[in-house]
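To start, the structure under review is shown below, and the notes come after it.
Just so you know, ligand 1 is whichever comes first in the structure, and atom 1 is the first atom listed for that ligand. Positions are given from 1 along the sequence.
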Amino acid sequence: MNKKFVIAIDGPAASGKSTTAKQLAIKLKYIYIDTGAMYRACGLCTLLQNISLDDEVALKKMLDKISIKIEYAEKGNRIFLNGENVSERIREADITKLSSQIAVIGMVRRKMVELQRKMGEDGGVIMDGRDIGTIVFPNADFKFFMLADVETRALRRWEEMKNNRKNITLEEIKEELIWRDRNDTTRKISPLLQAEDAIPINNSEMTIKEQVEMIYSVIERG
Ligand code: DC
């Protein structure tokens with residue numbers, strides 16, 4: 001496997017994309033790019049600069065100047081917004097919701113897509129998100145679409161948050177996922193969609209190891 005492929009992994013929130021992509025990136029010695037983190041950083045930026053999502057002029061100014069950098073590391077990437085490490089802040093509930101809301105805005109998507117194409121232009125990347133196989137890299141060498149039922153996804157997210165639950169219930173997590181699924185799949189621009197040529201992987205009954213092995217074997221076969 002000498003060629004440096006572009007691998008796209010799309011799917012709804014908490015469908016296991018990032019865990020799988022991270023492990024696959026280590027196995028393949030590729031760079032992992034979490035595009036959701038970029039929309040999250042963008043959402044946080046509007047909050048920090050007190051910009052309303054309806055204010056097109058202020059949003060444009062913000063996007064013209066925004067710097068989003070990913071520092072790659074095996075034990076976990078770090079994301080920097082305008083030079084500041086925001087890796088933890090962007091995982092909080094208010095930013096989770098804001099990221100889905102800001103992701104419906106055309107100029108935001110255009111900017112993120114431009115940055116993502118630049119990050120992936122040399123190949124050797126695994127990029128996960130909602131529109132990677134459809135819009136960002138429609139010619140990606142491999143495309144996967146991860147799926148899992150909402151109960152499984154909510155439970156996984158709940159387990160993940162074990163040490164930091166802040167009184168959130170399983171039911172609340174499930175509701176948040178359903179809200180985000182609806183918002184991400186029904187938006188007009190680049191909705192969450194399985195590319196026609198993507199391989200669907202329903203992982204409700206699969207372990208992470210099995211998912212990684214399955215994708216790895218497809219890539220190995222070429
Ligand atoms: O993958 P995530 O949960 O961190 O993504 C946060 C939000 O960002 C998600 O609800 C929708 C948006 N998003 C998007 O619209 N397109 C992408 N490629 C990645 C994320």
Verify whether one side chain among D128 and S18 offers a donor that lies under 3.5 Å from an acceptor in the other. no
Backbone of S15 reached by a side-chain donor or acceptor of N203 within 3.5 Å: yes
Atom 3 (O) of ligand 1: the protein heavy-atom neighbour that sits closest, reported with distance to 0.1 Å: R180 NH1, 2.8 Å
Can you tell me if E88 has over 12 outside heavy atoms packed within less than 6.0 Å of its CD? no
Within the side chain of D184, is there an N or O that forms a donor-acceptor pair under 3.5 Å with the backbone of L192? no
List the closest protein heavy-atom neighbour of atom 20 (C) of ligand 1: residue, atom name, distance to the nearest 0.1 Å. G36 CA, 3.5 Å
Ring centroids only, cut at 6.0 angstrom: are Y72 and Y32 within range, meaning strictly under it? no
Give the atoms of ligand 1, by number and element, whose distance to some non-hydrogen atom of S100 is under 4.0 Å. 10 (O)
Pairing donors with acceptors under 3.5 angstrom, does anything connect the side chains of Y39 and R109? yes
Nearest 0.5 angstrom please: I33 CD1 to M38 CE, how far? 8.0 Å
How far is atom 16 (N) of ligand 1 from its nearest protein heavy atom, and which residue and atom is that? R109 NH2, 3.0 Å
Which atoms of ligand 1 are found less than 4.0 Å from any heavy atom of A103? 12 (C), 15 (O)
Should we say atom CE of M214 is surrounded by more than 12 heavy atoms from elsewhere, each under 6.0 Å from it? no
In this structure, atom 7 (C) of ligand 1 is nearest to the protein heavy atom S99 OG, 3.3 Å
Region of R187 engaging ligand 1 - heavy atom pairs below 4.0 Å: side chain
Quick one: nearest non-hydrogen protein atom to atom 2 (P) of ligand 1, plus distance? R130 NH2, 3.6 Å
Do D34 and ligand 1 have an N or O pair less than 3.5 Å apart? no
Compute the minimum heavy-atom distance from Q116 to ligand 1 and say whether it is under 4.0 Å. no
Proximal atoms of ligand 1 relative to T35 (non-hydrogen, under 4.0 Å): 17 (C), 18 (N), 19 (C)
Protein contact to atom 18 (N) of ligand 1 [nearest heavy atom, distance to 0.1 Å]: D131 OD1, 2.8 Å
Tell me: protein heavy atom nearest atom 4 (O) of ligand 1, and distance? R40 NE, 2.7 Å
Protein heavy atom at shortest distance from atom 8 (O) of ligand 1: Y39 CB, 3.5 Å
Would you say R40 and T96 are linked by a side-chain donor-acceptor pair, where the criterion is simply a distance under 3.5 Å? yes
